[in-house]
Engineer: 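Below: one structure in structure tokens.
Values in this document were obtained by computation on a predicted structure and should not be read as measured data.
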Protein chains: 2
Amino acid sequence: MQDKLRQHIEKIVPLTDDEFAFVLSHFTSKKAKKRDWLIQEGKRVKHVFFVVSGLLKLVYRDELGKEFIVSFAMEDWWECDYLAYYTKTSATLSLQCLEDTEVYCLALEDYHKLCAGLQKIEHFFLEKSHRGHIGSQQRIISFLTLNAKERYEHLLKRYPALFQRVSKTLLASYLGVSRETLSRLHSPK
Amino acid sequence: MQDKLRQHIEKIVPLTDDEFAFVLSHFTSKKAKKRDWLIQEGKRVKHVFFVVSGLLKLVYRDELGKEFIVSFAMEDWWECDYLAYYTKTSATLSLQCLEDTEVYCLALEDYHKLCAGLQKIEHFFLEKSHRGHIGSQQRIISFLTLNAKERYEHLLKRYPALFQRVSKTLLASYLGVSRETLSRLHSPK
DNA sequence: CCGGGGTTGTGATCTACATCACAGATACAT
DNA sequence: ATGTATCTGTGATGTAGATCACAACCCCGG
């Protein structure tokens, strides 16, 4: 299980055994069951999570209680309500397990200590953050330029594995269409 | 003009005179006129830009030639086609001046040298990247949860200054609605 | 000072998608 | 096993917003 994290980091920065031990000492690990919450709207966000196994949804809930999926987090993903985490405010998003899930948890002060103690890891996080930013930008472009069907096909091509693991209802919510419309996209008229 | 950049960085990390001189030595500066391009689709992206003064649009153009505004960049903003920049591939986005503009330019290898030579600045970039990522995530949420009118009002509240500086046509493109619809939002029905 | 390109409003029409409503299927808990 | 909730498809209908079309405007360059 540690190997997952190490391999993940080493895709970007190589680490000695000692360095990885140092990194690992800043994390705690946690197992959660389907339907458990790792972040709850309104509460403080203590950790950023690295997903070792399982699947989660990051959701925003509007005033009417309607739920929107901001992102899915699968193996090897980092997930958090970053705004709440970095600014130490209460969560506006929630993070819930869609399957039994295993994560590493990193508290904000441990994150700072880790970066201060090992420059490489700050570089790693910078790299990760860039990629996350680029990914979000592309999702924005897909909202600007594509219709429901195109967004659906785009997602299907990019993450075929998702379709085995999450309900159409959730996919629809991620794509920003109603589940009825998504359902009709398969067999177009 | 240097002061702009220094003050901007020092909002996040304090610098000595020597450190700032070191930072500045990695940048070049450039003036561009309204309608000039800093990044052109299909070409290589040599620099990331820090906007000292002026205003730019970052645009995506679809197969039909229709233009979509990914973001505006005003004073104190960093802008780039980050994907193309970091991966040294050719641009899928374009960056064009909407006003006469003054920027600092940072080439990728200078960026790496700068980070390697001064840890503080890597920390600064990491912080900036986080904020950018958070901002994009909120824009995604606005696409998922708000209709055209709500997105418009949201933008109006957040960046009132923009409305004095850019045409409704461009705003509509940023918001993902047609300019006719945007126009009708003022005087509802 | 005149002409043309970009900007804005507004009407008429069209369409993608939402919403509501129902029914069969599947999974989950007691 | 048996009921209950959650998922999925599909019809009927409503609506936000796109598209097309035109007229008035402003601003800049020659």
Engineer: I need the CD-C1' distance between Glu67(A) and dT6(D), as an integer number of Å.
Structural biologist: 14 Å

Engineer: How about Tyr174(A) and Phe72(A): are their ring centroids closer than 6.0 Å?
Structural biologist: yes

Engineer: Near DNA chain D, under 4.0 Å by heavy atom, which residues of residues 163-172 of chain A?
Structural biologist: Ser167(A), Lys168(A), Thr169(A)

Engineer: Ring centroids only, cut at 6.0 angstrom: are Phe27(B) and Tyr111(B) within range, meaning strictly under it?
Structural biologist: no

Engineer: Flag yes if more than 12 heavy atoms outside Arg61(B) fall under 6.0 Å of its CZ atom; otherwise flag no.
Structural biologist: yes

Engineer: Indicate, with yes or no, if the rings of Phe50(A) and His8(A) have centres closer together than 6.0 Å.
Structural biologist: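 Yes, the ring of Phe50(A) comes within the 6.0 Å limit of the ring of His8(A), centre to centre.
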
Engineer: Kindly say whether the aromatic ring centers of Phe125(B) and Trp78(B) come within a distance under 6.0 Å.
Structural biologist: yes

Engineer: Between protein and nucleotides 15-27 of chain D, map the contacts as a letter string: B base, S sugar-phosphate only, - none, heavy atoms under 4.0 Å, written 5' to 3'.
Structural biologist: --SBBB-------

Engineer: Residues in side-chain hydrogen bond (donor to acceptor under 3.5 Å, both in side chains) with Asp62(A), at least two apart?
Structural biologist: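 Partners of Asp62(A) by the side-chain hydrogen bond (donor to acceptor under 3.5 Å, both in side chains) criterion come out as none, since no residue qualifies.
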
Engineer: Identify the residue among Lys57(A), Arg165(A), Lys31(A) that makes a salt bridge (Lys or Arg N to Asp or Glu O under 4.0 Å) with Glu99(A).
Structural biologist: Arg165(A)

Engineer: Is the positively charged end of Arg131(A) above the ring of Tyr82(B), judged by distance under 6.0 angstrom from the centroid and angle within 45° of the axis?
Structural biologist: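 Negative - Arg131(A) is either too far from the ring of Tyr82(B) or too far off its axis.
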
